[in-house]
Amino acid sequence: MGHRVSDVSETTTPGAGTRPRLLLIDGHSLAYRAFYALPVENFSTATGQVTNAVYGFTSMLINVLRDEAPDHVAVAFDVSRQTFRTETYAEYKGNRSKSPEEFGPQVSLIKEVLAALRVPVLEKPGFEADDIIATLATQAGEAGYEVLICSGDRDTFQLVRDNVTVLYPTRGVSELSRMTPAAVEAKYGLPPERYPDLAALVGETSDNLPGIPGVGPKTAAKWVGLYGDLDGIVAGADQIKGKAGQALRDNLPQVLINRQVNQLVRDVELPLAPADLKLPGWDREEVHQVFDGLEFRVLRERLFATLASPEPEAEEGFDLAAEKLTGAAVASWLTANTGAAVGVTVLGSWKAGHGDATGIAVAAPEPAPGKPGPAAYVDLVEADAEALAAVTAWLADASRPKVLHDAKGPLTALSDRGLAVEGIIGDTALAAYLCLPDQRSYDLADLTVRHLGRQLKAEEAPVNQQLTLDMDDTAGPDEADLAMVRARAVIDLWGALQSDLAARNASGLLTDVELPLLGVLRVMEQHGIAIDQDALGALDSYFAAAVADAAKQAFEAIGKEINLGSPKQLQVVLFDELDMPKTKRTKTGYTTDAEALADLFAKTEHPFLAHLLRHRDATKLRQTVEGLLKAVGDDGRVHTTYLQTIAATGRLSSTEPNLQNIPVRTEEGRRIRETFVVGPNFECLLTADYSQIEMRIMAHLSQDEGLIEAFRSGEDLHRFVGSRVFSVEPADVNAEMRSKIKAMSYGLAYGLSAFGLSRQLNIPVDEAKTLMEDYFDRFGGVRDYLRGVVDEARRTGYTETILGRRRYLPDLVSDNRQRREMAERMALNAPIQGSAADIVKVAMLEVDRKLREQGLRSRMLLQVHDELVLEVSAGEREQVEELVRAGMAGAASLNVPLDVSVGVGRSWHEAAH
DNA sequence: AAACGAACGTA
DNA sequence: CGTACGTTCGTTTT
């Protein structure tokens with residue numbers, strides 16, 4: 001503990017960690033920042049009240065309360081424009097135009113928010129908010145507080161000390177930079193207490209304080225460094241040479257006024273002292289009322305989530321009574337402990353539709369607070385017949401409720417050991433995904449910390465307790481012990497996630513869609529799809545030759561050999577050596593993508609470009625072929641893995657290998673599809689896909705009469721729409737018109753702009769704009785829907801599909817335009833893409849159910865978003881086609897028909913239609 | 001060895 | 001300045 005004397009105040013530095021933290025906020029300056037950072041049109045209540053400044057201010061307040069955890073808080077406001085400063089200098093802030101009419105009323109709303117949060121508000125006639133802040137900061141500094149000042153006014157920098165930090169908003173109101181003494185020194189080259197000297201010399205536009213012409217922060221800081229402070233500069237003004245010196249002498253009176261005006265008052269008489277600013281905690285009911293009135297649903301949730309229930313420190317592990325069981329003990333333990341839902345984890349491995357399970361752990365919740373929860377582990381490799389029989393029967397018993405984490409893999413492993421599982425009532429990974437589908441992973445350990453506040457990993461949990469282990473277990477936790485801990489984490493997590501699911505209206509989606517689908521996907525992965533390896537091998541040679549040929553010719557065209565796959569080397573050749581016109585910029589240079597190369601070819605007709613494009617094309621196809629060849633299993637089939645918790649919209653994804661991006665658009669690409677064939681003992685492949693499902697969903701959601709009629713009429717969609725937009729007969733819609741309409745229709749579902757449309761269609765922006773306007777004139781329902789979907793999402797914080805699947809888009813209220821507009825496009829697309837995903841999932845469940853119900857041997861193999869691929873057993877073709885059509889068409893009842901087209905053939909290519 | 005960006009395949 | 005994915009390659013960073 002030591003003393004430090006400054007020229008302004010004496011401050012003591014008490015022991016860290018014990019001193020109170022005081023947060024002082026300049027209400028006006030932050031509200032103003034928020035007002036200009038957030039677009040007015042996105043923030044208004046049902047009554048028309050604009051709330052962008054209130055929103056931005058409150059959002060910032062919540063963040064800073066969360067991040068800085070102050071125990072004392074005050075917000076200061078300017079009370080009027082008349083202060084001692086306007087008496088000193090009549091023009092002070094004279095340049096400020098009257099604030100927009102939308103701003104004023106928001107200040108009182110901010111005060112309402114603050115009242116609900118029980119944050120003291122201070123104002124004093126004749127002084128500015130900064131003077132109040134300066135006074136409190138001084139008092140609090142002397143009293144040993146840690147002081148944080150949140151203000152958008154740089155004058156507050158003069159208050160910065162070791163224990164006084166200014167949080168200065170840099171971009172909008174979402175980012176605050178910490179101005180410490182070192183930060184001020186680094187930015188301005190002088191200590192904080194000298195900042196007003198610099199400001200006086202440089203001037204402050206926003207306060208209408210003119211500076212010395214030609215003198216910026218660099219020169220000003222230099223002078224302060226040379227002469228110590230402003231007084232020193234004034235005294236030595238005659239010695240300063242050059243233009244700047246003359247300018248200083250000419251403007252000296254103004255500089256002195258500036259300095260007088262920017263000095264903050266540190267002894268304003270206030271009714272409250274720092275000690276009176278302790279946060280008493282807020283009134284929940286009042287917060288609800290105020291936030292309801294402002295329609296701040298997302299902010300309210302954030303407030304309650306981050307402040308009302310601070311996350312408990314993640315430290316406790318799990319206390320469980322763990323047993324490794326064999327023989328008769330297995331059955332009796334299972335009978336005794338698994339009446340209610342239990343967590344299950346499986347040890348083993350799984351990949352590409354196959355696997356092996358070596359052990360299984362089961363854990364029940366704590367029977368009572370503080371009592372260890374029972375947990376058991378059975379080694380499946382070493383298991384005696386009695387133990388194995390007990391496990392087998394228990395797993396197959398649908399009346400024994402089980403919860404797993406990411407169950408598909410474990411079920412695959414168990415299945416290959418001959419163990420079937422029934423009674424899965426929950427999956428914690430799927431549940432977490434439905435709650436927050438934008439996460440990139442749903443790691444059990446992460447979820448455990450987030451939802452239970454406990455550490456899962458042994459090494460991160462405290463040593464004193466992790467497990468109540470068997471007496472002979474002195475070597476520390478082994479694999480089996482950890483499996484039991486994980487099983488326990490799963491069941492505890494399930495308990496926590498269920499209420500979260502219910503609150504998000506997602507319980508039904510889990511139970512009725514995702515959980516049953518998991519089993520269907522597992523079987524699809526297990527089946528895989530047969531590959532004609534000879535044909536695929538031949539294709540590989542063919543593409544390899546094409547690659548070599550294209551490379552050879554490309555090298556000849558430029559007279560040397562380079563790595564054609566290196567964008568860096570390509571840029572050198574194209575833009576330096578061949579001097580071609582520059583293409584669109586990327587982060588690292590200029591793009592060499594196919595579109596740009598084609599453009600360049602059109603301009604230069606340089607043969608290198610043609611060969612390069614061919615090389616790209618052939619290389620890509622060859623990679624796809626080689627990837628597939630490597631992925632073919634011993635059974636002559638490829639088994640993809642479907643990921644059910646990746647796509648934020650609700651789609652599946654496919655990996656290792658990805659069978660959802662097998663080429664189809666080009667002739668050569670389709671040759672790859674010819675090598676996906678019907679397997680031995682089956683009759684053919686059958687593909688069934690939804691035609692234009694996303695546009696149909698658009699018609700349904702928008703209720704647009706024109707679009708609905710288009711689908712009900714049976715007319716070609718784009719032709720129908722084109723005839724309306726271009727005011728011609730359907731028969732007179734030519735190919736060009738049709739393709740424009742097609743591009744726009746699909747673009748709409750992605751949030752396409754007129755600019756984007758013009759670029760895609762290679763037409764002027766004006767024409768694209770007109771096209772869009774004409775489109776919306778005829779299909780106004782679509783326009784209203786798209787607009788409404790974003791507004792609604794902004795209010796609620798999420799979008800919803802027809803099954804109520806949500807996607808949360810907090811960036812819809814970001815003050816960063818790029819992020820906000822990105823979120824808006826996501827909001828446009830998510831309900832459409834997501835509803836399509838819902839429908840396909842339901843269809844898959846239906847098809848699977850019907851296949852089993854009708855005792856058919858045919859089976860589903862692949863899902864490619866709007867398409868299903870089945871393998872049809874001999875004699876079942878008609879029946880399968882019928883049930884697939886019915887299952888898919890009936891998966892949802894929209895106000896337009898769901899059209900399904902079906903094809904059959906010996907290969908995936910032939911089965912296309 | 002890992003992380004990143006560019007490019008490109010699908011719906 | 002159009003959404004959602006996965007894979008590959010080259011390049012940069014550790």
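In the text below, chain A, chain B and the rest are named by the order of the sequence lines, each starting its count at 1. None of these values were measured; they are calculated from a predicted model. Just the heavy atoms: all of them, side chains too, but no hydrogens, waters or symmetry mates, feed the values below.
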Any [X] side-chain nitrogen or oxygen under 4.0 Å from OP1 or OP2 of [N]:
X	N	value
A:Thr655	C:dG6	no
A:Lys620	B:dG9	no
A:Ser566	C:dT11	yes
A:Thr649	C:dA4	no

Separation of atom [atom1] in [X] from atom [atom2] in [N], rounded to whole Å:
X	N	atom1	atom2	result
A:Gln863	B:dT10	CD	P	17 Å
A:Lys630	C:dT7	NZ	C1'	11 Å
A:Gln439	C:dA4	CD	C1'	18 Å
A:Leu828	C:dC1	CG	C1'	14 Å
A:Asp593	C:dT8	CG	C1'	16 Å
A:Asn658	B:dA11	CG	C1'	11 Å

Would you say the side chains of [X] and [Y] form a donor-acceptor pair under 3.5 Å?
X	Y	answer
A:Arg794	A:Asn42	yes
A:Thr583	A:Asp599	no
A:Ser654	A:Thr640	yes
A:Trp908	A:Glu867	yes
A:Asp899	A:Ser691	yes

Would you mind telling me which of [options] lies closest to the side-chain atoms of [X]?
X	options	value
A:Tyr746	C:dC5, C:dG2, C:dT3	C:dG2
A:Leu643	C:dT11, C:dC9, C:dG6	C:dG6
A:Thr592	B:dA7, C:dA4, B:dT10	B:dA7
A:Asn829	C:dT3, C:dC9, C:dG6	C:dT3
A:Thr591	B:dA7, B:dA11, B:dC8	B:dA7
A:Glu656	C:dG6, B:dA11, C:dT7	C:dT7
A:His865	C:dT11, C:dC5, B:dA11	B:dA11
A:Lys568	B:dA6, C:dT12, C:dA4	C:dT12
A:Tyr750	C:dG6, B:dT10, C:dT3	C:dT3
A:Ala647	C:dC5, C:dG10, B:dG5	C:dC5

Nearest-nucleotide 5' precedence on DNA chain C, A:Ala648 against A:Leu752: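 Nearest-nucleotide comparison on DNA chain C picks A:Leu752.
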How far does the P atom of B:dG5 sit from the matching atom of C:dC1, given to the nearest Å?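 These two P atoms come out 15 Å apart once rounded.
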Within 45° of the six-membered ring axis of A:Tyr542 and under 6.0 Å from that ring's centre, is NZ or CZ of A:Arg671 located there? yes
Cation-pi check for A:Tyr798 against A:Arg807: NZ or CZ below 6.0 Å from the six-membered ring centre and within 45 degrees of the axis, yes or no?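 The answer is no, since A:Arg807 fails at least one limit relative to A:Tyr798.
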Interface with DNA chain C, restricted to [range] and to heavy atoms under 4.0 Å:
range	value
residues 557-565 of chain A	A:Asn563, A:Gly565
residues 753-778 of chain A	A:Ser753, A:Phe755, A:Gly756, A:Gln760
residues 791-825 of chain A	A:Arg807, A:Met822, A:Arg825

Non-neighbouring partners of A:Phe726 that pass ring-ring contact (aromatic ring centres under 6.0 Å, His included), sequence neighbours left out: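 ring-ring contact (aromatic ring centres under 6.0 Å, His included) check on A:Phe726 returns nothing, list empty.
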Go through the structure and list residues passing ring-ring contact (aromatic ring centres under 6.0 Å, His included) with A:Tyr690, not counting sequence neighbours.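 Here no residue qualifies.
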Between the base of [N] and the side chain of [X], is there any donor-acceptor pair under 3.5 Å?
X	N	answer
A:Gln833	C:dT3	yes
A:Arg616	B:dA7	no
A:Asn661	B:dG9	yes

For A:Glu514, is there an ion pair with A:Lys841 - N to carboxylate O distance below 4.0 angstrom? yes
Side-chain touch A:Arg738/A:Lys740, heavy atoms, less than 4.5 angstrom: no
Does A:Tyr785 form a side chain to side chain donor-acceptor pair (under 3.5 Å) with A:Arg787? I'd like the steps, not just the answer. CA-CA 5 Å; A:Tyr785 164 72; A:Arg787 200 173 286 161; over 6 Å; no
By side-chain contact (heavy atoms from CB on, under 4.5 Å) - contacts of A:Asp406 (at least two apart):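 side-chain contact (heavy atoms from CB on, under 4.5 Å) check on A:Asp406 returns A:Ala429.
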Under 3.5 Å, is there a donor-acceptor pair between the side chain of A:Asp704 and the main chain of A:Gly781?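 A pair under 3.5 Å: yes.
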